[in-house]
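Working notes, beginning with the structure itself.
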Amino acid sequence: MISFDSKNMTFRLETPNSTYAIFVNERGYIGHAYFGAKAGDDDLSYCARPKEYFYSENPVFREKSSFLDYFPQELPTDGLGDFRQSALALCDDQGHNAVELKYKSHTITKGTKALPGLPAVFGTADDSSTLEITATDDILGAEVILVYTIFEELDAIIRSVKIKNNGSKNLFIKKALSLALDIDDDNFDIITLHGSWARERHIDRHLIHMGKQGVSSNRGETSHQEHPFIALLDHTATYDSGRVYGINFIYSGNFIADVEKSQFNNLRAVMGINPENFCWKLEPGQTFDTPQAVLVYSDSGLNAMSRTFHDLYRDHLIRSPYKKAARPILINNWEATYFDFNTDKLIDIASEASKDGIEMLVMDDGWFGKRNFDDNSLGDWTVNENKIQGGLKHLVDEVNKLGMKFGIWFEPEMISPDSDLYRAHPDWAIQISGREPGMSRQQLVLDITRKEVEDHTYESVAKILRSANIEYVKWDMNRQLTDIGSADLPADRIGEFYHRYVLAVYRLQERLITEFPNLLLENCSGGGARFDPGMFFYSPQIWCSDDTDAIERLAIQEGTALIYPLSTMGAHVSVCPNHAIGRVTPFKTRGYVALSGTFGYELDITKLPPEERAMIPGQVALYKRFSDLVRNGDYSRIASYSENNEFDCWASIAKDKSKALVTVVQVLYRANYKSRFIKIKGLKPEATYTISWPDENSKDFPPLKLTGRTLAAAGIPIRRDWGDFQAKLIFIEENK
Ligand code: GLA
């Protein structure tokens, strides 16, 4: 619920377990009064009053810079005395940097607001409401609208900012962040997710120190390296206890996520489009919308934060018809064949896979142009009939005859210098004229911000999809952006390029899912460099990482699941030694880890050792039995190998608490450790549950019966198996 108290000029945003309060002071400054556990029915403006110290002492407005440097602003601006990290910087046509926002009006409406060209959460008049506070800087002629959306059932506040030029001269937006949050420090830690190629989203946690700290991307995409997520949390907070403020960004390009601990021991967190290399020219009458940022509060640890993000994204951001539905179990030929395949090879793989219950063949990179290696043909999206003998439709029809769906790989945003497309349109590659553009994976990037390039790119993909019964697309993006130059952008607009690029990616994918509404779209970027909520608006799943090793995947999937639902995590079983890192793990463990994602295979099934091959039908059956629970249940992290150096454990618990699937992976076996107890929180205390081991011999693993209360308190005994990399599945079901 959102309410406004006109006497005290205070707004309250109430979610089930949190209160967010905004206060407008006598001079029109919009202050942040409170965000945290549910507050009583008091006027919360008093929380911001002490921070007006220098200002309220004297009715004459003379200590403005001292005031601004302490006051908790909802949208801190630049140039007039708040020296902390700002969220908005506007420059006039004379080059002056100063913005001062004063409250003008507000509206409170039911439902959510769409953002033109950008992903945005959606809801109905019954489940959501939106507050828009309009502020102005009359000297600049700028109108700035602070937009807040909440959902009745979720402890989340979704923020964005709209900037309008109501004046008669150009404005230049040098910084337009989506969110700022000022809170007092209470010895908080910060969590970020860092990584690299094949090692995405590892959790990093440390105490917040004085000054600025944070993460960012200037790579043109979200990136493998850092992630648009920070959590500020009690130093003692765990998965199940303590205060957590989680912040995430619904965007797929350059970002910053910073927190600054200031001289007064206050924290200011900000998140938004990275201002580095950003400058947006706003002509009179034009409007600029920032992407949305999401703030989640939990006073019961990280698991509750994760569940809020998962529910928000599953219910209010993912639009695909597959959002809640089972995904076809796929087999992808990348790690099976790399570029060395033809129609016969693919049909061999598909026909063997279909015997084991696998439901879709995905043809990865190498089917087009003359591509037998990664140094050519991107942009030439014509089927290579020397490899795909009989043509694409023939292949798809043959795969369909096996009862399987067919999926295909594209990397639409790219252009190889060795391609017919480049020979015809060398200027279509992103480049600075007069400077040889830098290569990465032997390719350049198409300037899809240009309308003709966007249209050509769309048609290249769409014409292939129109030519056969293709039901899935893996949309890849295998390099980051450099040499930013565009034939269509004048000097005073080149700072818009990165954002325009992201908007073009969104437009392309919007066109695709509009023309092919039943398409299952999976995004990918050299593994998981575009695993972000922006892409959820277009695709219900994203390839998590090029590292398919089950043990490396533990930390990657743990970091990913901290914010994103398991239903979105592309995860496959591959062969050993693992291609990325050479580790050998049991086939069973590889299966269990992939079962916590979208599940599929990425191997040559025709060459699999017979004992591994024999396990596939059993894994398919496990997926069929449990995937609904995994996709739509509540995720709960129970133990983390990165903390205990021994084992990982997580659960998916049905929303009605009638069942749960627990996965335990013993990474390292320690001599003479015999058993351990796993405590399962979140079930019904008074209900009795049967605990079984669905993939084990029931003579060795007889079922147990325990109440939910005992499961949370004493837990389930887990026998430790001899050897590293062992895994167990446990199924818990209520006795009715
Ligand atoms: C990227 C993807 C892989 C595969 C290759 C093909 O690395 O992440 O899954 O599709 O490209 O070139």
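Every number for a ligand or one of its atoms is a count from 1 in the order of the listing.
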Ordered by chain then number, the protein residues lying under 4.0 Å from ligand 1 by heavy atom are W334, D364, D365, W409, R441, K474, D476, N478, C524, G526, G527, W543, D546
Compute the ring centroids of F647 and Y641, then answer whether they are less than 6.0 Å apart. no
Please work out which of the three classes, parallel, tilted or perpendicular, describes the rings of Y601 and F599, given edges at 30° and 60°. perpendicular
Among N376, D374, D375, D418, which residue meets the side-chain hydrogen bond (donor to acceptor under 3.5 Å, both in side chains) test with Q442? D374
Could you check, using the six-membered ring where one of them is a Trp, whether Y564 and F309 have ring centers closer than 6.0 angstrom? no
Can you give me the closest heavy-atom contact between F229 and V215, atom names plus distance? O-CG2, 4.3 Å
How are the rings of H202 and H194 set relative to one another: parallel (under 30°), tilted (30 to 60°) or perpendicular (over 60°)? tilted
